[in-house]
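All heavy atoms count here, side chains included; hydrogens, waters and symmetry mates do not.
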Amino acid sequence: MDLHRKPAPEDFGIFRGFSIKYPEYSIILPQSGYSFSLRSMNVSEVNKIKSSLSNPLNTIEIINKMIWECIVSKPKEIGTYVEFLNKITLKDREALLYALYVISFGRERDFGVNCKDCGAESVIPVDLEKVKTITPYLDTQAMEGKYILEKNTSDISPDLEMEEIVEERRKRKKSKNEEEINQDTNSEEESISEEKISRLNTDVPEILKKVISLNFDMDDSSEIVCYIHQPTLQTELDIFSKMPYAVKKQTDIINETIYIKSFEIKDKETGKLKMKIFDREDIFVGYQQLPVFYKNKIFEAYKTNFSDFNIEVKANWICKSCGSENVFVFDPLGQFFRMVVSS
């Protein structure tokens, strides 16, 4: 025994568990631009998720907490679990689940697939890291830093869209700094309270400030306005907490409408507001009465403005039976649960 080292329990034959350094994985999230590092899950954590799969709300809560507990480094904007829930989007969570999957179960996996033409079953090997692509939302600190670095170190032409975004971000930072200076001027001697720290840390990713509106005809005198936004983990929890025992048919509707913030009914000629519909149950009812064409327009608007900024993992493969070209799409959430159940 090393006399200069403080004795450990195992030095006396006492076993209190392994002191393991878990492997880690770093990822920049597509929508918020936040950078995280996560560690691998352990057997106990996988079993905890497995035991929660019978209830949608419990599953969501445990998944979110599991991700949080596996985080080993996070951005300064995320100080608490509550901030994590309110600033991380559902698409960002897919990226975090991908990271947790790769670091816990491995990047090289065999997947069962079916040919889209002949239906033949095959097993294909996939190196997930080689077929992963992340499409980032441009208005983030991460993309601003990347663009400025590339512009100053490479021979590239200025990107007009990024130039506008960088300039707008500078204006917002300047305005924020001036506001904080004015707040501090009145209380230079005063110690910073927890309330003040909370107030100064209320920034949310730009994508969460974005709301898209779509106008649809309702009848001869009225129109429907549909407001679309990017839901967060907290948005999802709030909805499922009202329907903790939802069955698959109901969860499908929840997932289809989760990005609808509200509806409004307005007068066509005057634009006067007749009714605002923000209760989730009312949104479900109204959504299911929409013509299919309107549903498709809503989904397309969400895809273009929000969900296209995501993580995608796709692998091409050839069917050995008929020679057709196929694409395997790795769904982070679905594949994560499959591995948990089979582990």
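- Under the 4.5 Å side-chain criterion, counting only non-hydrogen atoms from C-beta, L85 is in contact with Y81.
- The side-chain heavy atoms of I228 and N305, taken from C-beta on, include no pair separated by under 4.5 Å.
- Annotation: side chain of I298 is in contact with side chain of F216 (closest heavy-atom distance under 4.5 Å).
- Side-chain heavy atoms closer than 4.5 Å link hydrophobic residues (I, L, V, M, F, W, Y) into clusters, and following such links, possibly through other members, connects I207 to F299.
- With hydrophobic clusters built from ILVMFWY side chains whose heavy atoms lie under 4.5 angstrom apart, F306 does not share a cluster with V211.
- Checking side-chain atoms of K87 against main-chain N and O of E77 turns up a donor-acceptor pair under 3.5 Å.
- No chain of hydrophobic side-chain contacts below 4.5 Å, direct or via other Ile, Leu, Val, Met, Phe, Trp or Tyr residues, connects V72 to F84.
- T89 contributes atom OG1, which lies 9.0 Å from atom CG of L96 (distance to the nearest 0.5 angstrom).
- Remark: T235 OG1 to H229 NE2 distance equals 5.5 Å, nearest 0.5 Å.
- Although no hydrogens or angles enter the test, the distance criterion places no donor-acceptor pair under 3.5 Å between the side chain of D117 and the main chain of C115.
- Contact of the V131 side chain with the F330 side chain is not registered, since no non-hydrogen atoms from C-beta on lie closer than 4.5 Å.
- The neighbour count for Y22 OH, taken as heavy atoms of other residues, nucleotides or ligands under 6.0 Å away, is above 12.
- Using a 4.0 Å cut-off between charged side-chain N and carboxylate O, K295 and E256 make a salt bridge.
- The cationic group of K276 lies under 6.0 Å from the six-membered ring centre of Y227 and within 45° of the ring axis, placing it in a cation-pi geometry.
- No side-chain heavy atom of I212 sits less than 4.5 Å from a side-chain heavy atom of T304.
- The side-chain heavy atoms of R109 and V126, taken from C-beta on, include no pair separated by under 4.5 Å.
- Residues K91 and Y137 form no side-chain contact, since every pair of their non-hydrogen atoms from C-beta on lies 4.5 Å or further apart.
- No side-chain heavy atom of I239 sits less than 4.5 Å from a side-chain heavy atom of T257.
- In this structure a side-chain-to-backbone donor-acceptor pair under 3.5 Å is missing from N86 to Q234.
- Ring to ring, F111 and F328 are close: their centroids are under 6.0 angstrom apart.
- Linking Ile, Leu, Val, Met, Phe, Trp and Tyr residues whenever their side-chain heavy atoms come within less than 4.5 Å leaves L273 and M218 in two separate clusters.
- At a cut-off of 3.5 Å, with distance as the only test, no side-chain donor of Q335 or Y101 sits close to an acceptor on the other residue.
- In this structure, Q31 contributes its side chain and F309 its backbone to a donor-acceptor pair below 3.5 Å.
- Cluster membership check: I318 does not share its hydrophobic cluster with V329, using side-chain heavy-atom separations under 4.5 Å among Ile, Leu, Val, Met, Phe, Trp and Tyr.
- Counting heavy atoms of neighbouring residues, nucleotides and ligands inside a 6.0 Å radius, atom CD of E121 does not exceed 12 of them.
- The CD atom of E269 lies 10.5 Å from the CG atom of D220; values are rounded to the nearest 0.5 Å.
- Between K303 and E300 there is no salt bridge, since no side-chain nitrogen of the basic residue lies less than 4.0 Å from a carboxylate oxygen of the acidic one.
- Comment: K268 engages D217 in a salt bridge, judged by a side-chain N to carboxylate O separation of less than 4.0 angstrom.
- Taking the six-membered ring where the residue is Trp, Y25 and Y98 present perpendicular rings, their angle passing 60° and hence far from 30°.
- Listed by first and then second residue, the side chain to side chain donor-acceptor pair (under 3.5 Å) pairs involving residues 37-47 are S26-S37, S37-S73, R39-E45 (not counting sequence neighbours).
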